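Computed from a prediction, not measured in an experiment: that's the story for all the values here.
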Amino acid sequence: MRWSVLDAPLDSSGRGRGERRAPEALRAAGLLGRLGAADAGTVDALITDPVRDPETGVVGADQVRRASRAIAARVTELLDTGRHPLLLGGDCAILPGALQGLSAGFDLWFLDAHLDFEDGRSSPTGEGADMDLSIVTDHGPAGVLDREGPLVDPDQVHVLGHRPLDQASADGREASRVDPAVHLVPASRLRGADAATVGNDLAAGTTPAWLHLDLDVLDPLVLPAVSYPEPGGLDWADVTALTRPLVRSGRLIGMSVTDFNADEDPDGRHAERIVQALAELLAD
């Protein structure tokens with residue numbers, strides 16, 4: 001596969017958290033060389049406005065809208081030239097832009113410790129990364145994207161590696177917001193041999209697919225350098241076993257990697273481990 005690495009240093013808190021520096025850290029750890037990937041540069045995706053928009057409830061809503069538009073344009077451009085985008089966040093608020101750049105009719109593999117199904121009213125923070133999955137399935141705040149309607153059919157969404165639903169939010173309401181057509185597979189069903197079994201089952205078929213990897217799907221003992229760690233997660237072997245069938249199937253058209261907080265990795269060892277895992281998964 002011909003991968004092109006595109007940086008999207010979007011931190012949806014607008015406060016300059018370490019996710020903004022993640023693409024630079026992963027490049028410094030040798031990502032392009034390990035993948036044999038092309039350098040697609042950096043998309044204008046910075047969020048510097050920490051104020052919550054009163055209309056949408058989203059922090060830096062105008063900048064999020066502009067960043068999503070810019071990401072979408074670059075993803076479309078890469079796909080149209082036969083490249084596979086590897087989009088480096090930043091946090092999960094890059095996902096709506098990525099999917100906005102795709103043609104209709106694809107599956108979404110969404111690896112995340114969280115459901116990301118808040119909206120502008122229910123989110124405790126207003127960060128776009130609280131509500132990216134609700135936005136792309138048309139359950140989020142209106143007016144955040146240029147397009148109306150869902151970017152992906154909820155029945156084609158597979159949420160993989162989330163923690164118990166009663167932990168999804170302080171009062172449990174986030175879980176009740178999830179579209180019932182979305183397929184949920186918790187982390188407890190993706191350990192050891194079960195990860196490969198689920199991966200093989202989901203990889204069957206011919207529909208194009210986008211892979212979204214929020215690194216907090218990993219257990220904090222495996223990768224503590226994330227902004228919102230959750231116990232009870234996966235290890236690297238589980239993630240590889242789960243996703244390798246999709247990569248090998250020929251269905252994968254692109255991938256986003258999010259939530260690496262480079263400020264929590266002063267010696268760079270976690271960046272090196274992330275690069276190693278991506279190379280094992282994606283390199284020819």
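- Looking at D53 and T56, their side chains do bring a donor and an acceptor atom within 3.5 Å of each other.
- Going from atom NE2 of H183 over to atom CG of L202 covers 8.5 Å, rounded to the nearest 0.5 Å.
- L252 and V5 fall within the same hydrophobic cluster, where Ile, Leu, Val, Met, Phe, Trp and Tyr residues are linked whenever their side-chain heavy atoms come under 4.5 Å apart, directly or through other members.
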Determine, step by step, whether D216 and H114 satisfy the side chain to side chain donor-acceptor pair (under 3.5 Å) criterion, reporting the C-alpha distance in whole Å, the side-chain angles of both residues, the deciding distance to 0.1 Å, and the verdict. CA-CA 8 Å; D216 67 21; H114 309 95; 3.1 Å; yes
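- Going from atom OG of S4 over to atom CG of L35 covers 11.0 Å, rounded to the nearest 0.5 Å.
- Using a cut-off of 4.0 Å between Lys/Arg side-chain N and Asp/Glu carboxylate O, D194 and R189 are scored as not salt-bridged.
- The two atoms that bring I253 and P208 nearest to each other are CG2-CB, 3.9 Å, heavy atoms only.
- Annotation: side chain of V217 is not in contact with side chain of D112 (no heavy-atom distance under 4.5 Å).
- By the 4.5 Å heavy-atom criterion applied to side chains, D130 and D116 are not counted as neighbours.
- Using the six-membered ring where Trp is involved, H84 and W3 have ring planes that are tilted, between 30° and 60° apart.
- Within the structure, every pair that satisfies the salt bridge (Lys or Arg N to Asp or Glu O under 4.0 Å) test and touches residues 23-35, not counting sequence neighbours, is listed here: D7-R27, R27-D39.
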So L6 and L86, side chain to side chain contact (heavy atoms under 4.5 Å, CB included) or not? Walk me through it. CA-CA 6 Å; L6 176 63; L86 177 57; over 6 Å; no
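- Residues S12 and D91 bring a donor and an acceptor atom of their side chains to less than 3.5 Å of each other.
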Could you check T258 against I94 for side chain to side chain contact (heavy atoms under 4.5 Å, CB included), going step by step and ending with a plain yes or no? CA-CA 8 Å; T258 64; I94 68 173; 3.5 Å; yes
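- Between A45 and A67, the shortest heavy-atom distance links the atoms CA-CB, 3.7 Å.
- Across A8 and L87, no two heavy atoms sit closer than the pair CB-CD1, 3.8 Å.
- N261 is not listed as a side-chain neighbour of D259, based on a closest heavy-atom distance of 4.5 Å or more.
- Between G90 and A22 the shortest heavy-atom distance is N-CB, 4.3 Å.
- With hydrogens and angles disregarded, a donor-acceptor distance shorter than 3.5 Å links the side chain of T81 to the backbone of L78.
- Shown here are the side chain to side chain contact (heavy atoms under 4.5 Å, CB included) partners of R21, two or more places apart in sequence or in another chain: A262, D263.
- With hydrogens and angles disregarded, no donor-acceptor distance shorter than 3.5 Å links the side chain of R273 to the backbone of L223.
- Sorted by first and then second residue, the pairs that involve residues 198-227 and meet ring-ring contact (aromatic ring centres under 6.0 Å, His included), not counting sequence neighbours, are F110-H212.
- Tested against L111, the residues T243, D214, V159 include a single side chain to side chain contact (heavy atoms under 4.5 Å, CB included) partner, T243.
- Counting all heavy atoms, side chain and backbone alike, P23 lies closest to L88 at CG-O, 3.5 Å.
- With a 6.0 Å radius and a threshold of 12 heavy atoms from other residues, nucleotides or ligands, R15 has its CZ atom at or below the threshold.
- A side-chain donor-acceptor contact under 3.5 Å links T48 and Q63.
- We find that R251 and D107 are joined by a salt bridge, their nearest charged nitrogen and carboxylate oxygen being less than 4.0 Å apart.
- Both L282 and I274 are part of a single hydrophobic cluster, where members link through side-chain heavy atoms under 4.5 Å apart.
- Side chain to side chain, Q276 and E280 meet the donor-acceptor criterion of an N or O pair below 3.5 Å.
- Cluster annotation: L10 is not connected to V59 through the hydrophobic network of ILVMFWY side chains, with a link wherever side-chain heavy atoms come within less than 4.5 Å.
- Salt bridge annotation for R177-E174: absent, with no cationic side-chain nitrogen under 4.0 angstrom from a carboxylate oxygen.
- With hydrogens and angles ignored, the 3.5 Å screen pairs a side-chain donor or acceptor of R52 with a backbone N or O of G120.
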Given the rule in the side chain to side chain contact (heavy atoms under 4.5 Å, CB included) test, do S134 and E118 qualify, once you have shown the distances and angles that lead to the verdict? CA-CA 7 Å; S134 67; E118 302 284 6; 5.8 Å; no
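- Residues D119 and I135 are not in side-chain contact: their nearest non-hydrogen atoms beyond the backbone lie 4.5 Å or more apart.
- Closest non-hydrogen pair, A271 versus L26, comes out as O-CD2, 3.9 Å.
- Residues L99 and L102 form a side-chain contact, since some pair of their non-hydrogen atoms from C-beta on lies under 4.5 Å apart.
- Distance check, rounded to the nearest 0.5 Å: CG of L242 to CG of L234 gives 7.5 Å.
- Under 3.5 Å, the side chains of D179 and T137 contain no donor-acceptor pair of N or O atoms.
- Judged by distance alone, the side chains of S227 and E19 do bring a donor and an acceptor atom under 3.5 Å apart.
- S123 OG to F117 CZ: the interatomic distance, rounded to the nearest 0.5 Å, is 14.0 Å.
- Put simply, the side chain of R66 gets close to the backbone of L46: a donor and an acceptor are under 3.5 Å apart.
- With rounding to the nearest 0.5 angstrom, the CZ atom of R65 is 8.0 Å from the CG atom of D146.
- L213 and Y228 are members of different hydrophobic clusters when ILVMFWY side chains are connected at heavy-atom separations under 4.5 Å.
- Side chains of E264 and V226 form no contact here, defined as non-hydrogen atoms less than 4.5 Å apart.
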Do E272 and R269 pass the salt bridge (Lys or Arg N to Asp or Glu O under 4.0 Å) test, and can you show the C-alpha distance, the side-chain angles, and the key distance before you say yes or no? CA-CA 5 Å; E272 292 177 356; R269 62 190 175 94; over 6 Å; no
Go through Q156 and F106 one step at a time and tell me if the side chain to side chain contact (heavy atoms under 4.5 Å, CB included) criterion holds. CA-CA 7 Å; Q156 292 182 269; F106 60 89; 5.6 Å; no
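- In this structure, F260 has its ring center no closer than 6.0 Å to that of H270.
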Step by step, would you call R191 with D238 a salt bridge (Lys or Arg N to Asp or Glu O under 4.0 Å)? CA-CA 6 Å; R191 298 195 180 99; D238 298 328; 5.2 Å; no
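- Considering CG of L95 and CE of M131, their distance stands at 13.5 Å, rounded to 0.5 Å.
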